[in-house]
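Any value given below was found using the heavy atoms of this structure, including those in side chains, with hydrogens, waters and symmetry copies removed. Start at 1 and go down the list; that is how both ligands and their atoms are numbered.
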Amino acid sequence: MSKTVHPGASRLSKIPPYLFAEIDRKVQEKKRAGVDVISLGIGDPDLPTPQRIVHVLQEAAADPANHRYASYFGLAELRQAIADWYGNRSGVTLDPTTEILPTLGSKDGIAHVPLALVDPGDIVLAPDPGYTVYVTGALMAGAEPHIMPLTAGNHWLPDLDAIPDRVAQRARLMWLNYPNNPTAAVADRDFLERAVAFCRRHDIILCHDAPYSEIAFDGYRPLTLFEIPGAKEIGLEFHSLSKTFNMTGWRIGWVCGRADLVGLIGQLKTNIDSGIFQAVQWAAIEALSGGDQETRAACDVYARRHRLVADTLNDLGWSIKPPRATFYVWAPVPDGYDSIGFASRVLDEVGVNITPGVGFGAHGEGYFRLSVTAPDARLEEAMARMRKLKL
Ligand SMILES: *Cc1c(COP(=O)(O)O)cnc(C)c1O
């Protein structure tokens, strides 16, 4: 292939453009045309990072000790703060030296984990609909993604019995994500126990992506992976400060779990990045050590917004219940539309940006996702506009 005609690597050509980059382009176009677009398309908290965390960053940023390359493996104080947080939250002990690795947001860990743990030709099991990075990370490592469909009939949990034996035998890694993006589904203990047993039986690394573990309502407390006995023998869990503390722009999270696997990811990352800005690490320590009051208050805001969206959609003919966790609403598109057609219609007709379900995989077709991370007044305006939709 000519180098000038095809400058990119062939592995990139297997990867569709990142969904949100495409949507962002379309929204920018509308805005340039003078439309006041309300974006409910991306899961990015509108609420600010709590002030106490910002203050620690400000002070730490002024200290030259934090201006140099940070340790590849994160400050010992940060790994300890993560272990303490996990212990308080889940009653599980993690060794801060060997079982925890801070990452540049959890996307960093998720995208890179197949490069550290999976060989070309191995199978990576990924939920569909799902966070697209599970599949693209596998493709970039030369692995073969195998889709686990999530369906309403199965409460948006993968049907483990439907995974063929020959696939399970070649599978090296399985992705799960509960509370779930985009479906807002949650997993109960029974399902997680079955997933752990399945992965142990087939010698599959179970990767649980858990950035929404703290975004839950009405006293519901999502399970973390290592609350399941035996999970640490095969498991990794990915956490993030992004959603819990409204810190998406800060780029900090962690992977934790089985020590040799965490070590391999660390070994890979020493060749890719050079640690996390130390001032951000000090701020993360502050975040994790300050209790969950701010997160609970944010969840009260999301819960109120969820009720507004459910009331509005139900008045328009849907029948949805506010979810138990996450800041997403996942709902079927009206009859006669596919998901892209419906999302385009909503954007064109009332200037509200929602995400077509198919953007999360073929099994997301027929649904759309809306995020309640817009300021109250904007969300109220968006719902008022939805009432004017002619369906
Ligand atoms: C937001 C999100 C992440 C990534 O968050 P980071 O900002 O990279 O920590 C990972 N997985 C899912 C499912 C998400 O929704």
Verdict with supporting geometry, Arg172 and Val124, side-chain contact (heavy atoms from CB on, under 4.5 Å) = CA-CA 6 Å; Arg172 186 81 189 104; Val124 170; 5.7 Å; no
Could you see which bit of Phe238 sits under 4.0 Å from ligand 1, with heavy atoms only: side chain, backbone, both or neither?
-> neither
Output, in order, the C-alpha distance, side-chain angles, deciding distance and verdict of side-chain contact (heavy atoms from CB on, under 4.5 Å) for Ile265 and Leu236.
-> CA-CA 11 Å; Ile265 300 168; Leu236 291 170; 3.8 Å; yes
Can you find an N or O of Asp108 that's nearer than 3.5 Å to an N or O of ligand 1?
-> no
Measure across Ile252 and Ser240 and return the closest heavy-atom pair with its distance rounded to 0.1 Å.
-> O-OG, 3.8 Å
Decide if the gap between the ring center of Phe360 and the ring center of Tyr367 is smaller than 6.0 angstrom.
-> no
May I ask you to check whether Thr248 has an N/O atom sitting below 3.5 Å from an N/O atom of ligand 1?
-> no
For the pair Asp311 and Arg307, evaluate salt bridge (charged side-chain N to carboxylate O under 4.0 Å, His left out) and give the outcome as yes or no after the intermediate values.
-> CA-CA 6 Å; Asp311 289 347; Arg307 285 193 293 274; over 6 Å; no
Under 4.0 Å from any heavy atom of Arg251, which atoms of ligand 1 are there?
-> 6 (P), 7 (O), 8 (O)
Would you find a donor on one side and an acceptor on the other, under 3.5 Å apart, between the side chain of Arg387 and the backbone of Asp315?
-> no
Option set Thr244, Asp209, Ile215, criterion heavy-atom distance to atom 12 (C) of ligand 1, minimum | Asp209
Quick one: does Asn181 get an N or O within less than 3.5 Å of an N or O on ligand 1?
-> yes
NZ/NE/NH1/NH2 to OD/OE distance under 4.0 Å, Arg305 and Asp46 = yes
Applying a strict 4.0 Å limit to heavy atoms, is Gly253 in contact with ligand 1?
-> no
Which of the numbered atoms in ligand 1 are below 4.0 angstrom from a heavy atom of Gly105?
-> 8 (O), 9 (O)
So is Ile110 in contact with ligand 1, going by heavy-atom distances below 4.0 Å?
-> yes
Contact check: Tyr131 vs ligand 1, nitrogen or oxygen atoms, below 3.5 angstrom | no
Tyr328: which of Tyr212, Tyr131, Phe368 passes ring-ring contact (aromatic ring centres under 6.0 Å, His included) | Tyr212
Shortest reach to atom 2 (C) of ligand 1 by a heavy atom, considering only Lys107, Lys243, Met247 | Lys243
Report, in ascending order of atom number, the atoms of ligand 1 lying under 4.0 Å from any heavy atom of Tyr212.
-> 1 (C), 14 (C), 15 (O)
Phe191 and Trp156: aromatic ring centres closer than 6.0 Å?
-> no
Would you mind listing which atoms of ligand 1 come within a distance below 4.0 Å of any non-hydrogen atom of Asn177?
-> 13 (C)
Closest contact, heavy atoms only, Cys199 versus Leu206 = SG-CB, 3.9 Å
Which residue and non-hydrogen atom of the protein lie closest to atom 7 (O) of ligand 1, and at what distance in Å?
-> Ser242 OG, 2.6 Å
Mark up the atoms of ligand 1 that fall under 4.0 Å of a heavy atom belonging to Ser240, in ascending order.
-> 6 (P), 9 (O)
Write out the residue and atom name of the closest protein heavy atom to atom 4 (C) of ligand 1, then the distance separating them to 0.1 Å.
-> Ser106 OG, 3.3 Å
For ligand 1, which atoms have a heavy atom of Tyr134 less than 4.0 angstrom away?
-> 13 (C)
Any side-chain donor paired with an acceptor under 3.5 Å for Asp84 and Gln80?
-> yes
